[in-house]
Structure formats: structure tokens, C-alpha cells
Protein chains: 2
Amino acid sequence: MSRRIKEGPPLSRERVLRAAVELADAGGIASLTIRSLAERLDVKPMSVYHHVANKEEILDGIVDQVFAEIELPRPGGDWRAEMRRRADSARRALRRHSWAIGLMESRATPGAASLHHHDTVLACLRTAGFSVEQTAHAYALLDSYIYGFAVQEAGLPFEGADTAGTVAEAIMEHFPEGAYPHLVEMAAQHITKPGYDFGNEFGFGLELILDGLASALH
Amino acid sequence: MSRRIKEGPPLSRERVLRAAVELADAGGIASLTIRSLAERLDVKPMSVYHHVANKEEILDGIVDQVFAEIELPRPGGDWRAEMRRRADSARRALRRHSWAIGLMESRATPGAASLHHHDTVLACLRTAGFSVEQTAHAYALLDSYIYGFAVQEAGLPFEGADTAGTVAEAIMEHFPEGAYPHLVEMAAQHITKPGYDFGNEFGFGLELILDGLASALH
DNA sequence: CGGCGTACCGTACTTAGTACGGTGATGGTA
DNA sequence: TACCATCACCGTACTAAGTACGGTACGCCG
């Protein structure tokens, strides 16, 4: 140890990553800086570098943290139910940490939690009777849907039920008269309706995909 | 005009955005800086700011440029064929500009090309007989799939046919003995096979989705 | 009790975004 | 033609962020 005058637990890779996730959640990924991170941990910036090599490693790490939060399917269970549970859990995780999708694009080195997650999903599908090739198809499809849905949710200028209407109206104010008639129709007849929540669209697509996969399985 | 001693066309918002896309394509989004952009345009950094307000506006702009590259569906045509054409085109655009997905996550203000694109897709679905609500479902599903597939393609540590195998082997070298058995199986029996190309998975999911939508339409 | 490893830190360098205030050419006007 | 306003471009410099490099003190071991 060293100058451990401070109370509380010592710095560690885990504490650094946890704080990084909290900062990114609270203020967006741009607000996650080495300095802000150090301040939150009540240390000086350079101390962080004794637990991670650089910021890239922090970004890799917090993406893996998000994967660690996703409920794993149980191989051997009803594959539809397990895939649904995993998909819902993944969507919730990606909504809680909407910066994660943006990081995944640039990160080619998966962490341990990601690998374990992927392995378990594959296990579940293979156990359910999908061939290797069918599993590859199914997995690419399911994950594409989950990630893409997260992209859309993150890009939406509103979130949660009923907030969409007002925002949609504010945006459309700037439309030239008569422009984008189908967007306007969609807004008027669907999005601005009370109770509208984009998140509810997730279930429709997921069930459609699961139906399709089921018939591919026979 | 002013000190237009230089040959060539004057600076403009369009030239700035075009150069920004080229830089991001060539070196990743991180290599797109005001200074690198200015150098490419053969002007000094501060000159850029006479055509865009700030870097955020550039990022908004290049995302919209990507949307502008996507082939629009023709409302009134065969909706399946049109949706397929649009989806393939979108996937190619997002693969050419793999930084785009990462930007979409943080960008809540769509540009003119995006709006026009979305409006046209909605038009095509509505014309094909989908109700407003069905159109909302279909659109969320299709775009989720397209975006999510792009996320996965961008995150892959390899690209193109036959390059996956060697990379997969290199990654698995670092696995503990016996770890991730299903990932290993997938790699051994599918990914490392000659001719494997993750991009080929796109068609499977797309057709499954279109089938499902067709039966929802009746 | 002296030396050493470890955990933390001070300083400073580099790169990036961009605020602020020029500066000179051009085109319009008297 | 003389003037001037405007507009496109730029020089300088400030702030913030990542991080290299070399301390520095605490506790432990011998």
C-alpha cells in the first residue's frame, strides 16, 4: 500500500469501471474523462492509470460491464422463452446505458463477459436443436434486432411513454408546409396518441423473429 | 469573395461535409478533426467555421450524407422488392461508412436526407396496404435489423470473405483451455470454412422478416 | 533500521475545439 | 473613380483532455 490516508476501499480496476459506467450513464459518454473519473473516485487523474492502461481499456471495460448485466439464457430451457428473456434483458441494459451501442461499433476486442454471454446464447440454441448453421443465422438475426432497436431508442429525441407527442410536434413545426406527409401522418395518427411508447414496438418484432426461427427449426 | 488566391472551388458546406466523410472513411471517426479537415481542404482550421457552426453540426451533416446515399424505395412498386432493395443499399452504405452507426446513437436531430428517406419508406409501406400501426411495426423492425446488422459488421475484427477464419483462430489462441465451447464449435464448423462471409447472413434475416411482415399484411 | 515495492500523485507536453478579433479583396454605390 | 461595407478567410490564444515521465511516501521485509 501507500499513502492510504483516505477512508474507504482502495482504487481497483473494478471501482474504476463502475464509476466510469455511472459517469457515462449520468452525463453521456462525452462526460466520461479521466479527470472526471478521478474526481468521482476522489483521487488524482494519474492514479487511474495504475489500474487501467489507458482510456481505450476503460471503454472496452464498460462495454463488457453492460454485457455482464444481461440475463443469460438457460440452455436446456424452452428456447423461445429463454431467447425472449435474454432479448428483453439486453434491451433494458442497452437502454440504461445508451452509450454502449456507440462504443460497440469501434470495439473489436470482446471482453470476458461478452464472450461468456455469446457462448451461452449459442449453447441455448444448439441445445434446442438448431444446427450450427441455423444457429449462426438465428444469432445474427436476434442480435441485429436487439442492437438496432437500441440504436433507434438511443437516437430518439424522447424517451418513455407519452413524451413523444410533444417532441414530435416541436420537430414538425420546422417542416416546410406539406413536407414529409407520411411522417406527419405517422405522428398524427400514431405517435401523438396517448400511451404511445416506442419501446412497445420491441415485442412485435421479437415475436415475429421468434416465429420465423421456430418454423425454420420445424 | 476575399483572398481567393487559391485555385479550385471555394469552400462550402458541401465541400466540408464531403471531405469529412472521406476522412472518417479513411481513418475512422477519431481521425476527423477540424485541423485534419482544414488541411485536406487546403485552408486553415478557423475557415471551416464559416461554413458550419461547430463540429457537432459536421457530425450531424455526415450522418445525413450517409442517408442520402441510400437508395429510396419506390412507393407503388412491389413492396417486398422495394424494401429489399432499400435494405441492401442501406447495409452497403453503413458498411462503407461504419462510423455512421456510432454517431446515430448520439444524434437526435435528423437531417433533410434522413427525413426524406424515412418519409419515402413510410410511403411505400402505406401504399402497399399496411395500416398506420402495421407500418410503424414494420418500420421499427426493418430498421432495427438493418442498423443492428451494421453494428455487428462494424464490430467484427475482420471484414469480407475468408478473412474471418484466421482472425477467429488468433482470438481463440488466448482462450483458456476448454473455455467457450460453443464459440469454438461455431468457429471450427462455420466461421473458418472457406467462403464464409458474415455479410451473407444479412439475406437470411431479411427474408425471414419480410415473410413475417407479408403474413401480417395478409 | 535501512531499503524496496506499491500505490498514488505533480508537472508538463501534445492535440483538439473554438472564441475573438483581424485583414484584405470584391462588388456596390456615389 | 473613390470609397466603403461585406464577406471569406485566417492568426492567436485559451481551455480541456489524454497521458508520458519521474517523483514520493507508506508499510513491509529482512
Side-chain angles (χ1 to χ4, degrees), chain A residues 1-63 99 102-103 105-107 109, chain B residues 1-63 99 102-103 105-107 109:
Chain A
M1 284 297 163
S2 73
R3 283 174 281 186
R4 301 238 72 269
I5 284 87
K6 308 227 178 73
E7 76 303 342
L11 217 48
S12 68
R13 184 186 160 87
E14 283 62 44
R15 282 193 65 216
V16 168
L17 293 183
R18 200 165 27 244
V21 168
E22 289 164 11
L23 275 175
D25 285 348
I29 194 68
S31 75
L32 170 59
T33 69
I34 299 293
R35 289 168 220 261
S36 67
L37 189 53
E39 191 172 12
R40 184 183 193 86
L41 292 164
D42 199 31
V43 296
K44 295 299 156 67
M46 288 314 290
S47 303
V48 172
Y49 287 99
H50 262 264
H51 301 91
V52 295
N54 49 40
K55 190 169 180 180
E56 277 293 288
E57 196 177 300
I58 295 177
L59 299 180
D60 284 343
I62 61 178
V63 169
W99 39 264
L103 291 184
E105 170 258 312
S106 53
R107 236 131 287 281
T109 52
Chain B
M1 285 297 162
S2 73
R3 281 173 280 187
R4 301 237 73 271
I5 285 86
K6 309 226 178 73
E7 77 302 341
L11 216 49
S12 68
R13 183 184 161 87
E14 283 63 45
R15 282 193 65 216
V16 167
L17 293 182
R18 199 163 30 243
V21 168
E22 289 164 12
L23 276 176
D25 286 349
I29 195 68
S31 76
L32 170 59
T33 69
I34 299 292
R35 288 168 221 262
S36 67
L37 189 53
E39 191 171 12
R40 184 181 192 88
L41 290 163
D42 199 29
V43 297
K44 296 298 157 68
M46 289 313 292
S47 303
V48 171
Y49 287 98
H50 261 265
H51 300 91
V52 295
N54 49 40
K55 192 171 178 180
E56 277 294 287
E57 195 176 301
I58 296 176
L59 298 180
D60 283 343
I62 61 178
V63 168
W99 39 264
L103 290 184
E105 170 257 312
S106 54
R107 239 129 285 283
T109 51

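Source: prediction; values computed, not measured. The sequence lines fix the lettering, A, B, ..., with proteins before strands; numbering per chain opens at 1.
Listed for the B:Arg107 side chain is a donor-acceptor partner under 3.5 Å among the backbone atoms of B:Leu103. Using a distance-only test at 3.5 Å, with no hydrogens or angles considered, a donor-acceptor pair links the side chain of B:Asn54 to the main chain of B:Glu57.
Taking the side chain of A:Thr33 as heavy atoms from C-beta on, and the options D:dG18, D:dC10, C:dC9, the nearest nucleotide is D:dG18. In the set C:dG10, C:dT18, D:dT19, C:dG10 carries the atom at the smallest distance from any side-chain atom of A:Lys44. Distances from the side chain of B:Pro10 to the nucleotides C:dC8, D:dT19, D:dC9 place D:dC9 closest. In the set D:dC21, D:dT12, D:dG18, the nucleotide with an atom closest to the side chain of B:Met46 is D:dT12. Listed nucleotides D:dC10, D:dT19, D:dA13 differ in distance to A:Ile34; the shortest reach to its side chain belongs to D:dT19. Of all nucleotides listed (D:dA13, D:dC9, D:dG18), D:dC9 comes nearest to the side chain of B:His50.
Separating the CG atom of A:Leu11 from the P atom of C:dC9 is a distance of 8 Å, rounded to the nearest angstrom. Between B:Leu23 atom CG and C:dA16 atom C1' the separation is 15 Å, expressed in whole Å. If you take OH of B:Tyr49 and P of C:dA19, they are 7 Å apart, rounded to a whole angstrom. Rounded to whole angstrom, the span from the CZ atom of A:Arg15 across to the C1' atom of C:dC8 amounts to 13 Å. Computed from coordinates, the B:Glu39 CD to D:dC10 P distance equals 13 Å when rounded to whole Å. Following rounding to the nearest Å, B:Lys55 (NZ) and D:dA17 (C1') show an atom-to-atom distance of 13 Å. Separating the CD atom of A:Glu57 from the P atom of D:dT19 is a distance of 11 Å, rounded to the nearest angstrom. The nearest whole Å value for the distance from the CZ atom in A:Arg35 to the C1' atom in C:dT11 is 11 Å.
Residue B:Ser47 places no side-chain N or O under 4.0 Å from the OP1 or OP2 atom of D:dA8.
At a threshold of 4.0 Å, the pair A:Lys44-A:Glu39 does not count as salt-bridged, since none of the basic side-chain nitrogens sits closer than that to a carboxylate oxygen.
Using a 4.5 Å heavy-atom threshold, the side chains of A:Asp25 and A:Val21 count as touching. Proximity of A:Val52 to A:Arg13: side-chain heavy atoms (C-beta onward) are separated by under 4.5 Å at one or more points.
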